[in-house]
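Below is one structure, written out as structure tokens; comments come after it.
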Amino acid sequence: MTAMHHRTTISEAADRLTYELPGHRVEILQGRRTATPPADGAHALSLSRLVERFYDAGARKAGLRYVQGIGLWLPTGSDDYAIPDFALVEADFRDHKVQKNCYAADVFRLVVEVTSSNWSDDIGVKVDSYAKADIPVYVIADRHHDEAVLCSDPRNGTYHLRRTYKRGESIPLPRSVVSVELPVALLLDGDER
């Protein structure tokens with residue numbers, strides 16, 4: 001009798017890794033599986049402060065919801081998905097579930113990533129992936145380089161506007177998303193100083 005071997009798909013491997021590494025965020029980015037460890041205190045505080053900022057800016061009244069850690073289905077590969085740290089999404093985003101707790105890219109208005117140990121994904125492959133998904137605004141709190149980056153105006157799979165901000169500066173978000181300024185220190189540390 002011949003034994004049959006089952007070749008594990010990348011999606012099955014990602015599911016297994018999620019089970020084996022509780023607390024880690026497992027993503028498939030351009031056909032490559034990644035696992036991010038749990039956030040540290042400054043990272044978590046930055047995300048909490050973003051909720052406060054967008055609440056104060058009236059994002060809910062503008063028909064948007066702010067969420068942390070929900071899946072974004074990507075067009076870069078058949079199994080590709082990311083789990084952004086923070087996102088502004090359309091109020092009806094739950095009606096646009098694709099699979100694996102991931103939602104269609106067209107309900108995302110803004111994505112924020114706060115870099116961790118795998119910072120190169122946030123400043124590299126995710127820039128490309130989010131542009132290809134036509135995410136209107138991508139903000140990177142690049143703690144590795146102590147700066148924040150605003151990417152916007154995605155066209156033909158590329159962000160056409162990219163600007164870097166240093167500590168002491170604030171990122172003015174495009175009014176098409178919501179009128180608010182994000183201090184770089186808030187993004188990097190969860191503090192405004």
Side-chain angles (χ1 to χ4, degrees), residues 6-40 43-44 46-48 50-51 54 59 64-144 148-159 162 177 187:
H6 170 72
R7 184 178 176 133
T8 302
T9 67
I10 192 166
S11 182
E12 291 168 336
D15 290 345
R16 189 174 65 241
L17 195 57
T18 298
Y19 176 76
E20 292 172 356
L21 296 173
H24 285 65
R25 189 172 31 151
V26 177
E27 302 167 301
I28 301 175
L29 303 171
Q30 297 184 3
R32 184 177 53 86
R33 189 186 51 211
T34 69
T36 305
D40 62 23
H43 186 288
S46 294
L47 301 180
S48 295
L50 283 172
V51 169
F54 286 106
L64 299 173
R65 299 296 179 259
Y66 23 87
V67 294
Q68 296 179 33
I70 68 163
L72 163 57
W73 200 255
L74 296 168
T76 51
S78 61
D79 293 316
D80 285 4
Y81 65 93
I83 304 173
D85 290 324
F86 180 91
L88 281 180
V89 295
E90 296 291 332
D92 69 345
F93 76 95
R94 290 175 282 193
D95 297 335
H96 301 272
K97 189 173 181 180
V98 178
Q99 60 181 306
K100 295 182 93 168
N101 291 325
C102 294
Y103 297 87
D106 61 358
V107 300
F108 287 78
R109 295 291 157 252
L110 169 136
V111 166
V112 178
E113 296 284 8
V114 179
T115 61
S116 299
S117 57
N118 61 341
W119 57 270
S120 61
D121 285 340
D122 294 335
I123 66 171
V125 68
K126 285 188 179 181
V127 174
D128 182 59
S129 296
Y130 292 158
K132 286 182 173 138
D134 284 328
I135 304 302
V137 178
Y138 175 34
V139 176
I140 308 161
D142 185 352
R143 298 188 305 166
H144 184 75
V149 180
L150 172 67
C151 301
S152 61
D153 191 22
R155 285 182 274 141
N156 301 318
T158 302
Y159 282 114
R162 182 181 172 119
V177 176
L187 291 165

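Index from 1, following the sequence.
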- Task: Check the pair Val127, Arg162 against side-chain contact (heavy atoms from CB on, under 4.5 Å), reporting the backbone distance first and the verdict last.
- Result: CA-CA 10 Å; Val127 174; Arg162 182 181 172 119; 3.8 Å; yes
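- One finds the CG atom of Asp106 at 13.5 Å from the CZ atom of Phe93 (value rounded to the nearest 0.5 Å).
- Within a 6.0 Å sphere centred on CG of Asn156, other residues, nucleotides and ligands contribute 12 heavy atoms or fewer.
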- Task: Give the intermediate values and the outcome of side-chain contact (heavy atoms from CB on, under 4.5 Å) for residues Asp85 and Val112.
- Result: CA-CA 6 Å; Asp85 290 324; Val112 178; 5.7 Å; no
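- In this structure, CD1 in Ile123 is found 9.0 Å from OH in Tyr138, a value given to the nearest 0.5 Å.
- Here Phe108 and Tyr130 keep their ring centres 6.0 angstrom or further from each other.
- One N or O on the side chain of Ser46 and one on the backbone of Leu187 form a donor-acceptor pair closer than 3.5 Å.
- With Arg25 contributing its side chain and Ile83 its backbone, the two residues share a donor-acceptor pair below 3.5 Å.
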- Take Ile140 and Trp119 through the side-chain contact (heavy atoms from CB on, under 4.5 Å) test and state the conclusion after the steps. CA-CA 10 Å; Ile140 308 161; Trp119 57 270; over 6 Å; no
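- Glu90 places none of its side-chain heavy atoms less than 4.5 Å from the side chain of His96.
- Between Asp79 and Lys100, every side-chain heavy-atom pair lies at or beyond the 4.5 Å cut-off.
- Within the 3.5 Å criterion, the main-chain N or O of Glu113 finds no donor-acceptor partner in the side chain of Asp122.
- Looking only at distances, no side-chain donor or acceptor of Arg94 sits under 3.5 Å from a matching main-chain atom of Ala91.
- The distance from the CG atom of Asp134 to the CG atom of Asp153 is 10.0 Å, given to the nearest 0.5 Å.
- In terms of heavy-atom proximity, Ala131 sits nearest to Pro154 at O-CB, 3.8 Å.
- With contacts defined as side-chain heavy-atom distances shorter than 4.5 Å, the pair Ile135/Tyr159 qualifies.
- With a 4.5 Å cut-off on side-chain heavy atoms, Tyr103 and Ile70 count as touching.
- A distance-only check finds a donor-acceptor pair linking the side chain of Arg143 to the backbone of Thr115 [under 3.5 Å].
- With Gln30 as reference, Asp128 is the one residue of Asp128, Thr76, Asp121, Asp80 to meet the side chain to side chain donor-acceptor pair (under 3.5 Å) rule.
- Here the NE2 atom belonging to His24 is positioned 10.5 Å from the OG atom belonging to Ser116, to the nearest 0.5 angstrom.
- Side-chain contact between Leu74 and Leu29 is present, with heavy atoms from C-beta onward closer than 4.5 Å.
- Checked by atom type and distance alone, the side chain of His43 pairs as donor or acceptor with a backbone atom of Val114 at under 3.5 Å.
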